[in-house]
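Remarks on the structure that follows.
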2 protein chains.
Amino acid sequence: MRLSSDVTNRLTASGIRLTRQREEVLAVLMQKRDHPTAVEVFIRSKKHMPTISLATVYNCLDALVASGLVKQVNLDRAPTRYCANLLDHSHFFCEECGAVHDIETPVHQPWTLPAGYLVKQAEVTFRGRCPACINKNLSNL
Amino acid sequence: MRLSSDVTNRLTASGIRLTRQREEVLAVLMQKRDHPTAVEVFIRSKKHMPTISLATVYNCLDALVASGLVKQVNLDRAPTRYCANLLDHSHFFCEECGAVHDIETPVHQPWTLPAGYLVKQAEVTFRGRCPACINKNLSNL
DNA sequence: AACGAGATCAAGAATAATTCTAATTAAGTA
DNA sequence: TACTTAATTAGAATTATTCTTGATCTCGTT
């Protein structure tokens, strides 16, 4: 699979080599954007690259996160999930079906923090019920 | 230690019994607001209640979170930390010293989500460097 | 194209966080 | 007080993540 030069540039800019394994892990994340866990990425990667190991998947994810190509999604006491959406966005967690959806951030929020803080990253996570689950329950009445 | 009736009310309103262990765990979280992990809460609780077990600490934290008295703080691939601040606020993680600070949310942001989502909770987490670490580095020059 | 240095990988062991199990104890209620 | 149910304890079990070591690959230089 051919990745855009944007991706390769971003990796090399972070001093990170583009290896077949990292390419594969990134491809998995771009293919199905359902925010898989490391183990799920591992299972999917093995289909095309049967020799890849779980430790390597973790290493690749670390490298991709460090380069800014991948974001981690942290939910309550659940395994970390990963996301290849480069656009500025936040996450919605459906407590009924467990899905995580990307939410395009409409406006860049002007956070007002107390003086003296240097903010490098802001992360917004919503929790509730997704449209599919709300509809499903309505039709059950 | 005597807890305010507000707390007891909130617990019973959630159908959760107020036990000595839950009282102790909550007291620990209110005493030092440094967002400890479950294991840290366990260690601190043992000082006043030597027989408490780690499983109980987890159970108590679950109960307190369910009642809304305690919030979980999720950071990248780190153990979950806990927070007893009832006021609407967000969290700042200092990537230099590892501290987590409560940030009073200045304005309630009017989130605009796509239609059909039911949002029950919104969580904002910042990452960067805290005032103390920025000052420390300046004085090292 | 071959070479060497350093980064990366694979496999499995090790660690750490969290959950589960089963027996005992405590809380709320008649 | 006796009963019923929920909560606690201790330790085993599970799960997520990290570490270790030797083999392999990549890249920049010949």
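Because only heavy atoms are used, hydrogens play no part in the values below, and waters and symmetry mates are left out as well, while side chains stay in. Lettering of chains follows the sequences in order, A, B, ..., and the numbering in each one begins at 1.
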**Report entry** A:F93 reachable from B:L118 in the ILVMFWY side-chain graph, under 4.5 Å edges
**Finding:** no
Requested in this report: Treat each ILVMFWY residue as a node, draw an edge where side-chain heavy atoms are under 4.5 Å apart, and state whether A:V119 and B:V73 are in one component.
Outcome: no
Report task. Compute the centroid of each ring, for B:H35 and then for B:H91, and state whether the two points are separated by less than 6.0 Å. Result -> yes
**Report entry** Centroid-centroid distance, A:F92 to B:Y117, less than 6.0 Å
**Finding:** yes
Requested in this report: Show your reasoning for whether side chain to side chain contact (heavy atoms under 4.5 Å, CB included) applies to B:R77 and A:Y58.
Outcome: CA-CA 11 Å; B:R77 268 145 83 177; A:Y58 272 104; 3.5 Å; yes
If you restrict it to nitrogen or oxygen atoms, what contacts under 3.5 Å exist between nucleotides 22-29 of chain D and the protein, and what is each distance?
none

Query - Closest non-hydrogen atom pair, B:Y82 against B:T37 - result: CD1-C, 4.3 Å
Round to the nearest Å and state the distance from [X] atom [atom1] to [N] atom [atom2].
| X | N | atom1 | atom2 | answer |
| --- | --- | --- | --- | --- |
| B:Q21 | C:dA27 | CD | C1' | 11 Å |
| A:L61 | C:dT8 | CG | P | 14 Å |
| A:Y58 | D:dT15 | OH | P | 13 Å |
| A:N59 | C:dA11 | CG | P | 14 Å |
| B:I52 | D:dA7 | CD1 | C1' | 11 Å |
| A:N74 | D:dA16 | CG | C1' | 13 Å |
| A:E40 | D:dT17 | CD | C1' | 15 Å |
| B:D76 | D:dT17 | CG | P | 11 Å |

Considering just the side-chain nitrogens and oxygens of [X], establish if one lies under 4.0 Å of OP1 or OP2 belonging to [N].
| X | N | value |
| --- | --- | --- |
| A:S53 | C:dC9 | no |
| B:T80 | C:dA17 | no |
| A:R77 | C:dT19 | yes |

Requested in this report: Test side chain to side chain contact (heavy atoms under 4.5 Å, CB included) on B:I16 and B:R22 and set out the steps.
Outcome: CA-CA 10 Å; B:I16 293 172; B:R22 287 172 182 168; 3.1 Å; yes
Query raised in the report: Starting at the 5' end of DNA chain C, which residue's closest nucleotide do you reach first, B:V39 or A:V57?
Result: A:V57
Query raised in the report: Hey, does A:T51 reach any base, or is it just sugar-phosphate, or nothing, if we go heavy atoms under 4.0 Å?
Result: sugar-phosphate
